[in-house]
Protein chains: 2
Amino acid sequence: MVSPTNHARAAPAAADSAREAAPAFSPLYRQIEALLTRSLQGGEWRPGEMIPSEVELAGRFKVSQGTVRKAIDALADEHLLVRRQGKGTFVATHAEQRVQFRFLRLTPDDGEEGAMARRVVDCRRLRAPADVARALSLKAGDAVVQVRRVLSFRGRPVVLDDIWLPGNAFKGLTAERLAQYKGPMYGLFESEFGVRMIRAEEKLRAVTADAEASALLALPLGAPLLSVERLSFTYGDRPVELRRGLYDTTAHYYRNELS
Amino acid sequence: MVSPTNHARAAPAAADSAREAAPAFSPLYRQIEALLTRSLQGGEWRPGEMIPSEVELAGRFKVSQGTVRKAIDALADEHLLVRRQGKGTFVATHAEQRVQFRFLRLTPDDGEEGAMARRVVDCRRLRAPADVARALSLKAGDAVVQVRRVLSFRGRPVVLDDIWLPGNAFKGLTAERLAQYKGPMYGLFESEFGVRMIRAEEKLRAVTADAEASALLALPLGAPLLSVERLSFTYGDRPVELRRGLYDTTAHYYRNELS
DNA sequence: GAGTGGTCTAGACCACTGA
DNA sequence: CAGTGGTCTAGACCACTCG
């Protein structure tokens, strides 16, 4: 095995072309991590599938098992992979009940679980408004899909979401497809459009309900609402979803963990 | 050093005495982690101080450096320790500028940094109301310190906080002490009262300003406010602070990271 | 240069899963 | 049982900080 520092490694068809200006120092396990990420991104292993065992990968990359392990650890921390002792390491997927509530942080005051019912109010293609285009790194006027939907808990509307997606990557997304699909929306994005949400940033504010919101959420005009603007990213930190949500927090709260 | 599982290890003076009823299995590095946590909690090393080097700890605990390393890694992930290559490993402290914004997640829309100015409105000792007592695991009627304060940004009030602390641990906390102290409040708690905040849980909602809030934040009655209820924990997951904040989010937002 | 954390290896063995 | 991830060791060497 070659040295880890700035130089070419013995990866399969490693292109030692990459002539970077010696950024700082990149340990071997980071390079392995990058290789694994590329394989994930390229779809070599699909969500839910098992990736090769640590020893096999160690052989393939010509490094020790411990180094592969450290790379996988990092990816597992980012929720890109899931380790299961005795079974193997798997590509993470949004199609699991377990992960449902990783992104929706709204909890009913009484702690009951009960999933939310979805209703798609609207789904159309249009040209991206300036602010949406900027957020999604599109050119102003590029096509986007806009989805408007309402989430209800025990028959009561609680969340009004407006969602914008790049029209390019989400051709063929219709209200029907959305309505038919069981399970979390990000599961659909993943299986039908090959877009996997990795992480997201949210900006929260308190606002008051306008006419539209008060109608759709069955609240008086001017009622306080929690505004949640979410920008979601895929591999390579590319933004692929902008979401503006209005949450009725009279019987729910947004939970957060500071650490 | 005792054995990791329920069995004998190859460590030098391994005591194969430990006859536990096989709880689950606790690896060696977890035990080391627990020992280190105890030392931190017991004040063997104070905030900001350097702890012994990895090799020294390895010697002390009669394990390999790698095992100590893994334990320290875990504590560093929890922000209890801070590693500094070439220098050593240090006990984390709130008295650093770096960490200021780990707990206050309010950001001005224009991204400017500028610290917030504090004004202590009130600081009194009283008997804990039922809900406060419950949150802090106190008996109803136990003494608590209540602090009310306002944070301002560029001369404009933005945050109104009500803070409750166990009276027992915070004897001698007065408005003067609070006003005099430079730096983050949690730095004061740490250096003056030996209480270190480790993590916190927050519950967010949208509410409207009542008379008090509108007066103190210079807002019209009924203005939408972000309500943030925070419960903070020290070592051993003991709750030691309840905080109810009202944030004016007209020019600021609460940022959050989903991952 | 001495001392610290950070990387990497090779190998042994343990814990867990499922056929 | 074989195969997977999980733990632990001992030792070598690298990167960083500071006197």
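Sequence lines set the chain letters: A, B, ... in the order given, protein chains first and strands last, and positions in each chain run from 1.
Proximity note for A:Glu54 (side chain, C-beta onward) versus C:dG5, C:dT7, D:dG5: the nearest is D:dG5. Closest to the side chain of B:Ser53, out of C:dG5, D:dA15, D:dT9, is C:dG5. The side chain of B:Arg83 approaches C:dG6 more closely than any other nucleotide in the set C:dG6, D:dA15, D:dT4. Candidate nucleotides D:dG5, D:dT7, D:dT17 were compared by shortest atom distance to the side chain of B:Lys87, and D:dT17 ranks first. Taking only side-chain atoms of B:Thr67, from C-beta outward, the nucleotide of C:dG5, C:dC16, D:dC8 with the closest atom is D:dC8. With C:dT9, D:dT9, D:dA15 as the candidates, the nucleotide lying closest to the side chain of B:Ser64 is D:dT9.
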Q | Test ring-ring contact (aromatic ring centres under 6.0 Å, His included) applied to B:His94 and B:Phe103, step by step | A | CA-CA 10 Å; B:His94 283 285; B:Phe103 285 84; 5.6 Å; yes
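Distance A:Ile32 CD1 to C:dT7 P: 14 Å, rounded to the nearest Å. Rounded to whole Å, the distance from CG on B:Leu75 to P on C:dG5 is 14 Å. We find that NZ of A:Lys62 is positioned 13 Å from P of C:dT9, with the value rounded to whole Å. Straight-line distance from the CD1 atom of B:Ile51 to the C1' atom of C:dT4: 12 Å, rounded to whole Å. Rounding to whole angstrom units, CD of residue A:Glu56 and C1' of D:dT4 are separated by 12 Å. In this entry the distance linking CD of A:Gln85 with C1' of D:dT7 reads 10 Å, nearest Å. Regarding B:Ile72, its CD1 atom lies at a distance of 12 Å from the P atom of C:dT4, rounded to whole Å. With rounding to whole Å, A:Glu33 atom CD is found 12 Å from C:dC8 atom P.
A salt bridge links A:Arg154 to A:Asp110: at least one charged side-chain nitrogen sits closer than 4.0 Å to a carboxylate oxygen. For B:Glu49 and B:Arg46, the salt-bridge test fails: no basic side-chain N is under 4.0 Å from an acidic carboxylate O. Ion pairing between a basic and an acidic side chain is recognised when a charged N comes within 4.0 Å of a carboxylate O; B:Arg196 and B:Glu190 show such pairing.
Within the structure, every side-chain polar atom (N or O) of A:Lys70 is placed at least 4.0 Å from both OP1 and OP2 of C:dC8. Taking only side-chain nitrogens and oxygens, A:Arg69 never comes nearer than 4.0 Å to OP1 or OP2 of D:dG5. The side chain of A:Tyr29 places no N or O atom within less than 4.0 Å of a non-bridging phosphate oxygen (OP1 or OP2) of C:dC8.
Comparing A:Val68 and B:Thr89, the nucleotide of DNA chain C nearest to each residue sits closer to the 5' end for B:Thr89. Comparing A:Gly86 and B:Pro52, the nucleotide of DNA chain C nearest to each residue sits closer to the 5' end for B:Pro52.
Counting heavy atoms from C-beta outward, A:Thr107 and A:His252 have side chains that stay 4.5 Å or more apart.
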